[in-house]
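In what follows, chains carry the letters A, B, and so on, assigned in the order in which the sequence lines appear, proteins first and then strands, with residues in each chain numbered from 1. FYI, side chains are in, hydrogens and waters are out, and symmetry mates aren't considered; it's all heavy atoms of this structure.
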Amino acid sequence: MAVIIKKGTRGGIRINENKKSAESPISIMNVVPRVIIPLQQHAGAECEPVVKKGDYVKEGDLIGKSPVDFSANIHSSISGSVSAILKIINPVTSTIISAVEVSAPENTKGNIKKTSISTGDALKAIASIDKFNAPDMLEFIKQAGVVGLGGAAFPAHLKLSPPPGKKIDTLIINGCECEPYITADHRLMLEYAAEIICGAYITARILKVDNIIIAIENNKQDAISNIESVISSIRLNEKIKIVSLPSRYPMGAEKVLIYNLLRRKVPVGALPFDVGTVVSNVGTSRAIFDAVIEKKPLIERVITVTGDIEKPANLMVKTGTLVGDIIGDIAGIICEDKNISYELVFGGPMTGFSINNLDFPVTKSVNCILIKKVKKLHENNCIRCGRCISVCPMNLMPLMYATYVKNNRFEDCRQYFIESCIECGSCAYVCPAAIPLIGYIKTGKSVLSRK
Amino acid sequence: MNDIETKIIRSGEIIISHPPHIWKNFSTPKIMYIVFAVILLPSAAGIYYFGLHSLYIMLASTITAVLVEFIIRKLRKKNAFPDGSAAITGLLLALTLPPRIPVWMAIAGSAFAIAIAKEAFGGLGYNIFNPALAGRAFLAICFPLRMTEWYQPGNFSIDAITSATPLAENYVYEGTRAALYKDMFFGNIAGSIGETSALAIIIGGTILIILKLIDWRIPLIYIATVAAGSFLFGKDIIFQVLAGGLMLGAFFMATDYVTSPMTPSGRCIFAAGAGIITIIIRNFGAMPEGVCFSILIMNAFTPLIDKYLRLKPFGFSKVPAVKAAKKNIKKDTN
């Protein structure tokens, strides 16, 4: 089976990759004494708690039930007793949500690293997938609380049930990982390729799609060859194609990826459904495999801990683990030098949001914790050089948003299609005047959405 | 304090800020100083052909520009650290001046360019007209005689004989057509300090295009329009392209970020418009040369071009997406 090499025409800034942790295998994080599990870790409604203080929960037990369809179940990630139901701030939406605190008894054993399934197991899994019917598998995924692990945390069962009348013909498994620093998906593709491929196969079966494309950027040649060899060993060559894309940012953004692979334009305000595609992350595929074959809920994920630290690493982390515990586990970096200020970022350096507190729990959507020394930049006058326009993958004019938001003319941002912005950060990255364009765009969007 | 600093809220040693958390290390001063270094090429050609006096003009003009900007920014309580844009303005202005102009005139023009054409509008990024060209227009209107005094290159004596610019009707060249083109290409011809050597300007402009500091569309379309227009009017195309300030204007003036449109299509229209106005002035105007005013006039059009040539987002269609989706469903049910 040959890897198809495509030239991406859309999306085009080269960023210093800084993938420092690409060589370090996924390690299992030490057992933590307590976790705080937010009841909203996804796009959609907050879950209702089904446990109360003092209850004993086992690993994988349901603790938050989704009240409506647009939501995803929450499970306990460790065994222990519920010590409190708290109110915390959701760092993504900045709203107040409930969270369940689970404390483990002291004599908890360490976790054992689970290795990837063997070829034989994978073949068995494929055979069993063929026996399942689609609604059952969808129900497993829904019960397991699987969400998109690429960043947006869109509930997977909704993504896999397209509205009636929409014909889906292509499934894209997104292994681009175009953001600098992050290597979580890269390591997954190296260490859990069989699960990812089986997960992709399940997804395709649910969607009744024959055309599966795994898209990987060409800076991850080892991942491409690993996936390729696993696919041929479990004899899915006919069904799954691998496409190698140039390493440009933002190659992994859904609309950009669909265009580069299939030359289909997702209309403004529409979803990938509308052009007959579904895009799913490699991490999501693995979670779907766990949910359907192993009947295991989504309670752990791979997180890259990186930045200006000595030993960047990839960790398998239970959801709800506090950032402070993770960073302490990696290396004590924290602020020895009083003159250096650090920035703590959930997510990659281009789109991640910074947090100000080590007590935030990681959720299903966090793929990276970045610890960076802060570089101060002064915002200067816009010189209208047009660099933001030329790099924008959505063909927008970002400098206009800065002008209008500064002058409180939010309605005028609509004329320049502010809603189409995917907030990839390319414009602010190249801006020679160091204008925080994404800050202005986020402000403009939130003011407009409140009106 | 500065905007971004107020947005970074200090909380202990951990700082909060907007994404992205990394930047391309390519700031405005860096761009400006690279452009300035490239403009030194035609400047050197000017000194070579017109002698030390042109060096004094350049120095006076550049230093005045930087000083005036520094003082005005201090008075306006803005960041006064020179970002290189004033130096470019001063040097570009000197390049458009005749080689024997008194130094005080260059100083006056440079001060006007920075104080009135740039800082009075709000400083870098807010000026409507290219400051260097505005300074030149100011001098051309105030001192029309001294501003049209041209000299043959290579003759550095005080009592050098004045000459006409090649574009003037009374210009006589003693030699073959090919020799004329050769002289015009290398710069051995009467004209402003920096505009005579097409070779130096093309090398500089090509460097800027390769470094992606200027858009190739503007010089290419500007020069192509002038060539096409000269053909229509039955003029000598090569002569028209090489003569006057066209090369300098096309590569270094019309490509100014602040005063030219931002979108690719807008830039094409801007360049074509400047070319057409140049042709009109050269053929019907009172002056022999029209590059300066053609670019200034198109500068005035820039806000309009930017307003009406908005980009459409990726995947934009005139039918709103929801309706388009509904249509698809209808087709499917049929």
Side-chain angles (χ1 to χ4, degrees), chain A residues 10 15 165 167 180 255 259 265-270 274 334-335 338 341-345 349-357 370 372 374-386 389 393-397 399 415-417 420 423 425 428-434 436 438-439 442, chain B residues 2-5 7-24 26-32 79 83 85 122-126 212-213 215 257-264 267 302 306 310-317 319-322 324-325 328-330 332-333:
Chain A
R10 183 152 281 278
I15 301 181
K167 178 96 183 66
K255 292 182 175 183
Y259 182 77
K265 289 184 180 181
V266 181
V268 174
D274 296 310
I334 288 302
C335 304
K338 287 283 174 207
S341 299
Y342 280 91
E343 194 174 33
L344 204 55
V345 181
M350 295 299 284
T351 57
F353 43 90
S354 50
I355 54 173
N356 64 348
N357 192 330
L370 181 71
K372 260 195 82 61
V374 173
K375 196 172 77 177
K376 257 189 209 164
L377 284 185
H378 292 273
E379 179 180 352
N380 293 317
N381 287 356
C382 173
I383 55 169
R384 295 165 37 91
C385 62
I389 296 173
M394 290 291 113
N395 214 19
L396 303 173
M397 300 173 76
L399 78 169
Q415 291 183 15
Y416 287 89
F417 310 98
S420 297
E423 296 177 21
Y429 176 81
V430 297
C431 181
I438 296 300
K442 281 182 193 266
Chain B
N2 223 311
D3 270 353
I4 194 165
E5 276 197 316
K7 275 192 196 99
I8 295 175
I9 309 149
R10 270 185 163 273
S11 65
E13 263 79 40
I14 300 171
I15 273 180
I16 293 241
S17 73
H18 291 295
H21 307 281
I22 49 173
W23 296 273
K24 189 174 186 175
F26 202 65
S27 58
T28 309
K30 250 186 212 171
I31 298 176
M32 294 296 174
N79 175 19
D83 56 18
S85 61
L124 179 67
Y126 294 106
K212 292 191 175 167
L213 290 177
D215 194 338
Y257 292 142
V258 180
T259 55
S260 63
M262 299 174 293
T263 57
R267 283 172 176 168
T302 297
D306 271 342
R310 281 190 299 238
L311 293 177
K312 295 279 176 283
F314 178 66
F316 179 82
S317 65
V319 193
V322 186
N328 286 342
I329 294 172
K330 264 184 199 165
D332 284 350
T333 47

Novice: With sequence neighbours excluded, tell me which residues meet salt bridge (charged side-chain N to carboxylate O under 4.0 Å, His left out) with K24(B).
Specialist: none

Novice: Taking every non-hydrogen pair under 4.5 Å, which of I389(A), V345(A), L396(A), L370(A) racks up the most with chain B?
Specialist: V345(A)

Novice: Please state whether the side chain, the backbone, both or neither of L124(B) comes within less than 4.5 Å of a heavy atom of chain A.
Specialist: both

Novice: What is the minimum heavy-atom distance between L311(B) and F417(A), and which atoms define it?
Specialist: O-CE1, 3.9 Å

Novice: Could you measure the distance from the OH atom of Y429(A) to the NE2 atom of H21(B)? Nearest 0.5 Å is fine.
Specialist: 14.0 Å

Novice: Look at P180(A), C431(A), S420(A), G352(A) and state which one has the largest set of heavy-atom pairs under 4.5 Å with chain B.
Specialist: G352(A)

Novice: To the nearest 0.5 Å, what is the distance between CD1 (I438(A)) and OG (S17(B))?
Specialist: 12.0 Å

Novice: In this structure, are over 12 heavy atoms from other groups packed under 6.0 Å from Y126(B) atom OH?
Specialist: no

Novice: Find the one option among C385(A), C382(A), G425(A) whose heavy-atom pairs under 4.5 Å with chain B are most numerous.
Specialist: C385(A)

Novice: Which residue out of S27(B), P29(B), S260(B) racks up the most heavy-atom pairs below 4.5 Å with chain A?
Specialist: S27(B)

Novice: Would you mind checking which part of M397(A) comes under 4.5 Å of any heavy atom in chain B, side chain (CB onward), backbone (N, CA, C, O), both or neither?
Specialist: side chain

Novice: Give, as side chain, backbone, both or neither, the part of K30(B) having an atom under 4.5 angstrom from any heavy atom of chain A.
Specialist: neither

Novice: Between R384(A) and M262(B), is there a donor-acceptor pair closer than 3.5 Å when you use the side chain of the first and the backbone of the second?
Specialist: no

Novice: Considering non-hydrogen atoms only, spot the tightest contact between Y257(B) and I383(A) and give its length.
Specialist: CB-O, 3.1 Å

Novice: Between P261(B) and chain A, which part of the residue has a heavy atom less than 4.5 Å away: side chain, backbone, both or neither?
Specialist: backbone

Novice: To the nearest 0.5 angstrom, please state how far the CG atom of N380(A) sits from the OG1 atom of T28(B).
Specialist: 5.5 Å

Novice: Please classify the contact of Q415(A) with chain B as side chain, backbone, both or neither, using a heavy-atom distance under 4.5 Å.
Specialist: both

Novice: So P19(B) and K442(A), do their side chains get closer than 4.5 Å, heavy atoms only?
Specialist: yes

Novice: Can you check side chain to side chain contact (heavy atoms under 4.5 Å, CB included) on K312(B) and V268(A), steps first, answer last?
Specialist: CA-CA 10 Å; K312(B) 295 279 176 283; V268(A) 174; over 6 Å; no

Novice: Can you name the salt bridge (charged side-chain N to carboxylate O under 4.0 Å, His left out) partners of D215(B), sequence neighbours left out?
Specialist: R217(B), R267(B)

Novice: So, for G122(B) and N381(A), which heavy atoms are closest and what is the spacing to 0.1 Å?
Specialist: O-ND2, 4.2 Å

